[in-house]
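See below for the structure under consideration.
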Amino acid sequence: MWSLQVCGAGRAGDGTNTSVQLLGQALKDMGAWVFVWRDEVYSNIQTRDSAFGLRAADAPIYGPDDLFDVLIAFDAGALEDWTHEGRVPPVERLRAGGVLIYDSSPRLEYPNTGHEIREDLVAHLQEARALHVFGAPFGQMAKDQFKNYIVRSTIAVGALAYLMAIPLSVLEGRFRRLFQNELLAINLEALYLGHRYAQENGWRAPDLALPVGTLKAGERQLIMGNEAVALGSIVAGCRFYAGYPITPASEVLEYMAEKLPKIGGVVVQADSEMAAVHHVIGASVAGCRAMTATAGPGFSLMQEAISAAGMAETPIVIVVSQRGGPATGLPTKVGQEDLNETIFGGHGDFARIVLSPTDPEDAFYLMGTAFNLAERYQCPVFVIYDQVFAQSYFTTPPLDPARFTIDRGQLIAPWTGHRSNGAYHRYRLTRDGISPRAVPGTPGITTIYYNSNEHNEEGYITEEIAMRRAMVEKRVLKRIALIRRDPELPPPRVVGHPEASIGLIGYSSIWGPAVEVVQRLLAQGRPAKLMALRTLWPFPSREVRKFVESCRVVYVVEHSAGAQLRGLVQREATGPMPRKLRSIVRYDGRPITPGYIIAAMKEGKA
């Protein structure tokens, strides 16, 4: 498989992110499978170091590799730890013999001022790592030619395009989609300037040239995980969204705010996560498919309301986009530390469902399932993933809205044609445990009581033994039994050799690197297989137990120091199994890569 990995490293606000995304879009347009991620982004509002990764290949990829082939250094932070705090600069992951492109301007402007790249440092790195080094005064060129410092990153993209033999027409098409008028003209001039500079100065890096013959352009798109979730929700019929900005879930709110009002939906930016989830409950009671998205701290604030939704049998969908915790933790970096809270959070017993997508295509369709299940069983449904999944861009095949089916469960509403001449009991005891759910305004129904206290069939408060038992059995025991048997619960995604003795288990962004581990081990003559969990609750105990029993050793891979997923596997499926069931964990906020997993397996630390 042909694969190339590029890092653009500079400082927050200097245009690096936009340039890397444009390059990724162009490579996708040429037929490459592309993955773009936030390699180093700090949460504090300072002009700190920032780095963005791009990986392109001639086959599907869903995560970063271990080393960069190309590093574009826009200031010294890409090459050294100027903070002296133990920071690992991107150059440490530039492979030996790789390509270093750097800004050789003697003076950089804000936000890079004071972080100019020293020539002696470049010379040392070139010798120590046998790098192919290309320097150009990108910042000086941008200032002299355009009086616009920030377009220096566009000049650098033009130079890299020359090394990679990317047709400028492809990049120009992408710039025309993003910019207009004077800004477009400046960026196109800058793009061609960088290309000419590399050509006139004899830059050569044959290993970077794209294998044009193996790349096949198609209708694929580059889409962020959060955007796929939001788009899938809209197609699934969500018409009310309430949220509070929080990393790494904010893109769901932003996408909904842009798109939902155009089709008659409503978006509320609430004053807190508590307010947001209560808005969602209210919209659901009114008959609307409603959702919110949040991250660890905000999710903690929602717990009381989630319990209220469970007691009131109100269908809501909550996206949980995980980051490193606890507390404020690592807002812009990856973690998988909220799994237990998602499955066991809130007080009291009530039915819930927890789903997790493996990639954006899966997420798009999974949101339809989430809303169907929420309304079918009148309970909270959570869709859980992590920062790498949420804020990375994946190459995805065309998404087909025609594949969606909408099941609103036992809903009584004005648009269903239902009329009633008798009393309506919101919590009527039924054989299957599901009470018909009426929407206010339905003809013939004058009163609907929702209650977060224990209640009788009509919705009035009660504390009597018989009714309490009947309601718990309806709301919890019968409901959970029904959910477990539902064929629409997404099954685990299993790849690899069926008879392999080495197994891997993970969820969310673990899918991509773990698939590559299976491929690499097979190439070494060591068959392996992977089970990626897409329904985390009710836990697929039978499938997981069968998978584990078929292996000699199973590695549970996750971003949790407490090994929350492994604990769930042990509790719900296998028991302790200390020799067979092992953990591979990463909790420093950085993505798990194929090399990280294989190294952990070799070192016996798992």
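For His115, the ring-ring contact (aromatic ring centres under 6.0 Å, His included) partners at least two apart in sequence or on another chain are Trp82. Legend: residues meeting salt bridge (Lys or Arg N to Asp or Glu O under 4.0 Å) with Asp65, ordered by chain and number and at least two apart, are Arg55, Arg520. The side chain to side chain contact (heavy atoms under 4.5 Å, CB included) check on Pro297 picks up Ile246, Arg323, with sequence neighbours excluded. Listed by chain and number, the residues in a side chain to side chain donor-acceptor pair (under 3.5 Å) with Ser104 amount to none (sequence neighbours excluded). Scored by the ring-ring contact (aromatic ring centres under 6.0 Å, His included) test, Tyr162 finds His195 as partners (sequence neighbours excluded). Residues forming a ring-ring contact (aromatic ring centres under 6.0 Å, His included) with Phe394 (at least two apart in sequence, or on another chain): Phe35, Phe389. Remark: Glu116 pairs with no residue by the side chain to side chain donor-acceptor pair (under 3.5 Å) rule, at least two apart or across chains. Looking at residues two or more places apart in sequence or on another chain, you find a side chain to side chain donor-acceptor pair (under 3.5 Å) between Asp362 and Thr358, Arg534. Residues that satisfy the salt bridge (Lys or Arg N to Asp or Glu O under 4.0 Å) test with Arg493, not counting sequence neighbours, are Asp359.
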Enumerate donor-acceptor pairs with a distance under 3.5 Å from any side-chain N or O in residues 523-531 to protein atoms, sequence neighbours excluded.
{"residue": "Lys529", "atom": "NZ", "partner": "Pro498", "partner atom": "O", "Å": "2.9"}
{"residue": "Lys529", "atom": "NZ", "partner": "Ser550", "partner atom": "OG", "Å": "2.7"}

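Pairs passing the side-chain hydrogen bond (donor to acceptor under 3.5 Å, both in side chains) check and including a residue from residues 324-336, sequence neighbours excluded, read Gln336-Asp386. Listed by first and then second residue, the salt bridge (Lys or Arg N to Asp or Glu O under 4.0 Å) pairs that reach into residues 552-563 come to none, sequence neighbours excluded.
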